2 protein chains.
Amino acid sequence: MAERKPRKSQQELIIAEASRLFWEKGYAETSMKDIASACGFRPANIYNYFGGKEEILYEILLQEMMEIVSPIKHLKEDEGVDPVTCLRMLVENHVRLTLGEKSRSKLLFDVGLNNLSPARRKKIISLRDNYDQIGIAIIRRGKKAGVFSKEIDEKIAVFSIASIIARSRIWYSPKGKYSVDEIIEFIVQFSLRGLGAGTSAGR
Amino acid sequence: MAERKPRKSQQELIIAEASRLFWEKGYAETSMKDIASACGFRPANIYNYFGGKEEILYEILLQEMMEIVSPIKHLKEDEGVDPVTCLRMLVENHVRLTLGEKSRSKLLFDVGLNNLSPARRKKIISLRDNYDQIGIAIIRRGKKAGVFSKEIDEKIAVFSIASIIARSRIWYSPKGKYSVDEIIEFIVQFSLRGLGAGTSAGR
DNA sequence: AATAAGTGAATGGTCATTCATTAACTAATA
DNA sequence: TATTAGTTAATGAATGACCATTCACTTATT
């Protein structure tokens, strides 16, 4: 017989399909029946793996936020690497996760946050704060090193850069004119110039 | 006793309340009962003014897109004004509409587009295209005038700037640290630098 | 009287969730 | 090896809630 045994655990399957559907149709517009159908079984079975719909959303957000933060965590206090390289790594990692073909890492970021219970929302937001703090630290070091313009507000700058990346998935198309690498390059350059890096450093 | 007569037409009231609710809770999560309650009457009455829920969403999006595009339409072929000023006007108009306290102009941009019928979605998207075209024209003129960097891709640049603005509503708070004017100033400067307009280039 | 504004009740539909039950598989036992 | 017990995976049916929409009807306004 083909396979009765889960090649990957069913929970991963549910997460993957739900993640795709939530992004394609939205959280409220996706029914448990939709998710179950995509996985090849009936709605009731989902409750053997998750407490409910909200829990699925939570697990997706949690997983995706960690995927974004983990690979760049070390940049926060990495005094050795120069800020320009740090920023490039932050952008590249985030864009690749956002536009990558692996449907697993299609973050919803804050799209579905209000569908979460307060406790869970708090947890997700605290993870996002980590991301912000890393970006802020990088920019601050860049200012101190005279690489970025002194009058830049770190917080708004990080929000702005993250906004470009988060929204890139709306206008990006794999069949479109631009490759992921080109988009990364654009956002890196645009951000660096926006921060005042390049020709005139520091001031 | 006070006022039986609509000070403003009921349709405007419905649009205003629905717009606020759609933003706060999302389209699917907002019921006709919610909208009716916010307006002070019963769900059935809404159907005296609108064909249905989707039509309300459409009217909101239509109105908000036009509010964004109309005031800057003339910038597309305005050869007289310098590109830096043009870009500033585009950003300022968009940010004020996005963050302004008038709850009427709280655009959803493309948040609820997939809840629209194909024909209506097409109409809204064509309006958004207008916005993009204006931005592209401005940047192209700037490049020709030697104000912006030649290797900038106009399209991605406009998307990026619009992304920052559209998402600013997520992190902006009226009670927060920054005023709307400060945010405008930041986004304008960040965008101009991103486009390669150095301190020497602008004026 | 005639029109406009607003309503209560009903309709058909969908949805998330529960639960008792069956099917499928595993491991231990006789 | 054959049987059984136990565990996990999956299901069908039912529940209660909510929702958009319709329509005949009442109330208010001109």
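None of these values were measured; they are calculated from a predicted model. Letters go in sequence order (proteins before strands), and every chain restarts at 1.
Applying the ring-ring contact (aromatic ring centres under 6.0 Å, His included) definition to pairs two or more places apart or across chains, none involves residues 39-63 of chain B. Sorted by first and then second residue, the ring-ring contact (aromatic ring centres under 6.0 Å, His included) pairs involving residues 153-185 of chain B (not counting sequence neighbours) are Phe159(A)-Trp171(B), Trp171(A)-Phe159(B).
Neither OP1 nor OP2 of dA4(C) sits under 4.0 Å from any side-chain N or O of Gln10(B).
Nucleotide dC15(C) holds its C1' atom 14 Å from the CD1 atom of Ile56(A), rounded to whole Å. Whole-Å rounding puts the Arg42(B) CZ to dT21(D) P distance at 19 Å. Rounded to whole angstrom, the span from the CD atom of Glu29(B) across to the P atom of dC15(C) amounts to 14 Å. One can place CD of Glu55(A) at 10 Å from P of dT17(C), the figure rounded to the nearest angstrom. Rounded to an integer number of Å, the gap from Met32(B) CE to dT11(C) P is 20 Å. Between the CZ atom of Phe41(B) and the P atom of dA4(C) there is a distance of 17 Å, given to the nearest Å.
A heavy-atom distance below 4.5 Å is not found between the side chains of Val180(B) and Ile183(B).
Side chain of Lys143(B) to backbone of Lys150(B): a donor-acceptor contact under 3.5 angstrom is found.
For DNA chain D, the residues of residues 44-53 of chain A within the heavy-atom distance limit of 4.0 Å (strictly under) are Ala44(A), Asn45(A), Asn48(A), Tyr49(A), sorted by number.
Residues Glu67(B) and Gln63(B) bring no donor and acceptor atom of their side chains to less than 3.5 Å of each other.
With Phe186(A) as the aromatic partner, Lys155(B) does not meet the cation-pi criteria of under 6.0 angstrom to the ring centre and within 45 degrees of the ring axis.
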